[in-house]
Amino acid sequence: MTTTTSAVPPQPAAGNADEPAGPGLAARIDGLQRLVDLGTGRIDPDLLADTTALLTRAGERLRLSGDHTVVTLAGGTGSGKSSLFNAVCGLDLSPTGMRRPMTSKAHACVWGLDGAGPLLDWLQVDKRHRYARASALEPEGGRNGAESGSLQGLVLIDLPDHDSIAEMHRAEVDRFVGVADLLVWVVDPQKYADAALHRNYIVPFARHAGVTLIVLNQVDRLQEEEIDECVSDLRRLLEAEGLADPRIVTTSTVAEGGVAGFREVLADTVAARRARAQRLAVDIDRLVARFADQRAVTEPPSMIDERRAAELADALTDAAGVPAVAEAMESAYELRAVDYVGWPVAKLAARLRSDPLRKMRLTELRDELRGAFTGPVGAQQGDVDNALQGIADDVVTGLPPAWARSVRAAGRSHAAELPEALGDSLKDTLPAFNQVPRWWWLVKTWQYFLVLIAALALIWIALLVAYGVLGISEQPPDLVGNPGLIPYVTVLLACVLGMGALTSSACRNVIALSSARHGERMELHMRERIAEVAEQKVLYPVADELRAYARFQAEADRLLGSSGS
């Protein structure tokens, strides 16, 4: 009985393997690698793991022989795939049986050995089950009219039954289905609608229609008119399950020329040498479609806006206690100024009289305030955490959930470092405001000069009293023996003391006016430094994450566009 074959879309031959799809395939593999690099630690780890596995498999397959096309024969128990395998090979290489699985390990037959060894090693085909098909094994026009030369470059693999009760058999099928260049599903007229086949393989691999071939075997059991009906019903079922324009071939291993149509499809596939690239391209399309949920359709912002950045700087400024620090520095400025421009005589008199602060043991507070320029400054972790709350809310609107979490995490990535960084920034600010103005030194020198004059005047008055009034010496010098000089020296002493007090009072007024400006300048400078810390520790990491997402989205859009998803 002569069997019929359905129309099969022709595959044009090419001089070099993968010529039509090669450059595009390499570019898409590079694009997938960039998606993995950008998405690592950010998006679904299962998707990244599957992508990495595909990239590894694609790299390994592309490094292996491009002159060979790996075709797997898979099917259920009794479908006759092993008989079909033997018929195509022209030899009884794989055991056959109708009622129980006979093939427990994959068997491979190779047309053309050059370069096939590493490929079979990669496929993990046991060396005991490897066969080479050459003209020496069988004369031309072997079983069922086979012509071995037309299949040069074919690696035909007979798999265990997919519906076997042995778990290792199903695992073997799953492994080869994932790496084959052309998937051939062998069904028979009685069980072509087998639920296990369609649920576990046809539906999940519906996107692989271009590298899938359905073989309706054992059509010798059907009448001529039943064959077309069976093919039509099978086609309807496959299309309903998403297999677009399925390729169906009818075969019979017992009829004369019963596998000729199938061999012709295999010969065209091998001659075109495109199945390897087509299979990888379909696998990439299937995987890229899963990236659609990992990117948004809107253009993402590039950084946190100025308003939110200013609010962050203000919040960190408050967290670091900058207003309080500036106020303390202002008070410390005044106290330190008194140490330089104050009238020493007045300070000595203050030490001699009763000090309420000393009685209350609060002088340490005044000393701490005086040394506030060199004291520790910083922020509490809780205040910093509050300042960072919701910092990225505006920019993550519209981002996929995984990337929104990633951007928020970037904004808080340096949260633990911020208190110390803020403290360091403020400490770096202090030396610029801890310098003693030169005029303080000049006033201090002038004040101590006046103290020296006052001390000399007191000594002079004492000598005038001793020598001029009490007459302790008969012939004293005129400067110390003339009591008439006492009023003049007293006036000099009073003028010196008054000048010192007046100088101190005038300087205090100047300091009182400048201390407020000093505090304002210092607060402004500290705010600027805190804004720099906010940029480095918060804004820049968020901006980097947004740029990474923008690159991820652009790459995903490009791959999705090229796959037609």
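Note that the coordinates shown come from a computational prediction; the quantities given were computed from them, not determined experimentally. In what follows, residues are counted from 1 in the order of the sequence shown.
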Is it true that a side-chain atom of [X] and a backbone atom of [Y] form a donor plus acceptor pair closer than 3.5 Å?
{"X": "R527", "Y": "A313", "result": "no"}
{"X": "R34", "Y": "R551", "result": "no"}
{"X": "R286", "Y": "P204", "result": "yes"}
{"X": "R279", "Y": "G178", "result": "yes"}
{"X": "R175", "Y": "E172", "result": "no"}
{"X": "S425", "Y": "L422", "result": "yes"}
{"X": "H107", "Y": "K105", "result": "yes"}
{"X": "Q381", "Y": "A415", "result": "yes"}
{"X": "T72", "Y": "A74", "result": "no"}
{"X": "H68", "Y": "L113", "result": "no"}

Please determine whether side chain to side chain contact (heavy atoms under 4.5 Å, CB included) holds for the pair L213 and L183, giving the CA-CA distance in whole Å, both sets of side-chain angles, and the decisive distance to 0.1 Å. CA-CA 6 Å; L213 180 66; L183 302 171; over 6 Å; no
List in chain and number order the residues that pass side-chain hydrogen bond (donor to acceptor under 3.5 Å, both in side chains) with D50, two or more places apart in sequence or in another chain; answer none if no residue qualifies.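 For D50 the side-chain hydrogen bond (donor to acceptor under 3.5 Å, both in side chains) partners, ignoring immediate neighbours, are R290.
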Go through the structure and list residues passing side-chain hydrogen bond (donor to acceptor under 3.5 Å, both in side chains) with E60, not counting sequence neighbours.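 For E60, the residues satisfying side-chain hydrogen bond (donor to acceptor under 3.5 Å, both in side chains) (neighbours in sequence not counted) are W122.
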Any side-chain heavy-atom pair from [X] and [Y] closer than 4.5 angstrom?
{"X": "I202", "Y": "L238", "result": "yes"}
{"X": "L559", "Y": "R28", "result": "yes"}
{"X": "V184", "Y": "F262", "result": "yes"}
{"X": "L524", "Y": "E520", "result": "no"}
{"X": "R42", "Y": "L48", "result": "no"}
{"X": "V322", "Y": "D318", "result": "no"}
{"X": "L154", "Y": "V110", "result": "no"}
{"X": "I284", "Y": "I29", "result": "yes"}

Who pairs with W439 by ring-ring contact (aromatic ring centres under 6.0 Å, His included), at least two apart in sequence or on another chain? none
Over all heavy atoms of both residues, which pair between [X] and [Y] is shortest? Give the atoms and the distance, please.
{"X": "V538", "Y": "G411", "answer": "CG1-O, 3.7 Å"}
{"X": "R57", "Y": "V179", "answer": "CD-CG1, 3.4 Å"}
{"X": "A296", "Y": "G398", "answer": "CB-O, 3.1 Å"}
{"X": "A543", "Y": "M303", "answer": "CB-CB, 4.2 Å"}
{"X": "T212", "Y": "W185", "answer": "CG2-CD1, 3.8 Å"}
{"X": "I530", "Y": "A320", "answer": "CD1-CB, 3.9 Å"}

Run through T56, L35, V36 and flag the one making a side chain to side chain contact (heavy atoms under 4.5 Å, CB included) with T51.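 Looking at T56, L35, V36, the match for T51 under the side chain to side chain contact (heavy atoms under 4.5 Å, CB included) is V36.
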Please enumerate all residues that pass side-chain contact (heavy atoms from CB on, under 4.5 Å) together with [X], with sequence neighbours excluded.
{"X": "E239", "result": "R235, P246"}
{"X": "D174", "result": "Y201"}
{"X": "E417", "result": "H414, K537"}

Assess whether atom [atom1] of [X] is packed by more than 12 heavy atoms of other residues, nucleotides or ligands within 6.0 Å.
{"X": "D114", "atom1": "CG", "value": "no"}
{"X": "R438", "atom1": "CZ", "value": "no"}
{"X": "R308", "atom1": "CZ", "value": "yes"}

So how far is it from [X] [atom1] to [Y] [atom2], rounded to the nearest 0.5 Å?
{"X": "W403", "Y": "L38", "atom1": "CH2", "atom2": "CG", "answer": "6.0 Å"}
{"X": "L266", "Y": "T69", "atom1": "CG", "atom2": "OG1", "answer": "9.5 Å"}
{"X": "H198", "Y": "Y192", "atom1": "NE2", "atom2": "OH", "answer": "9.0 Å"}
{"X": "L316", "Y": "D383", "atom1": "CG", "atom2": "CG", "answer": "10.0 Å"}
{"X": "K81", "Y": "L73", "atom1": "NZ", "atom2": "CG", "answer": "8.0 Å"}
{"X": "Q536", "Y": "L418", "atom1": "CD", "atom2": "CG", "answer": "10.5 Å"}

Worked verdict on E545 versus Y549 for side-chain hydrogen bond (donor to acceptor under 3.5 Å, both in side chains): CA-CA 6 Å; E545 199 68 13; Y549 170 71; over 6 Å; no
Between the side chains of Q389 and D385, is a donor N or O closer than 3.5 angstrom to an acceptor N or O? no
Residues D283 and H208: side-chain donor-acceptor under 3.5 angstrom: yes
Thinking salt bridges, do [X] and [Y] make one under a 4.0 Å N-O criterion?
{"X": "D181", "Y": "R61", "value": "yes"}
{"X": "K191", "Y": "D194", "value": "no"}
{"X": "D393", "Y": "R408", "value": "yes"}

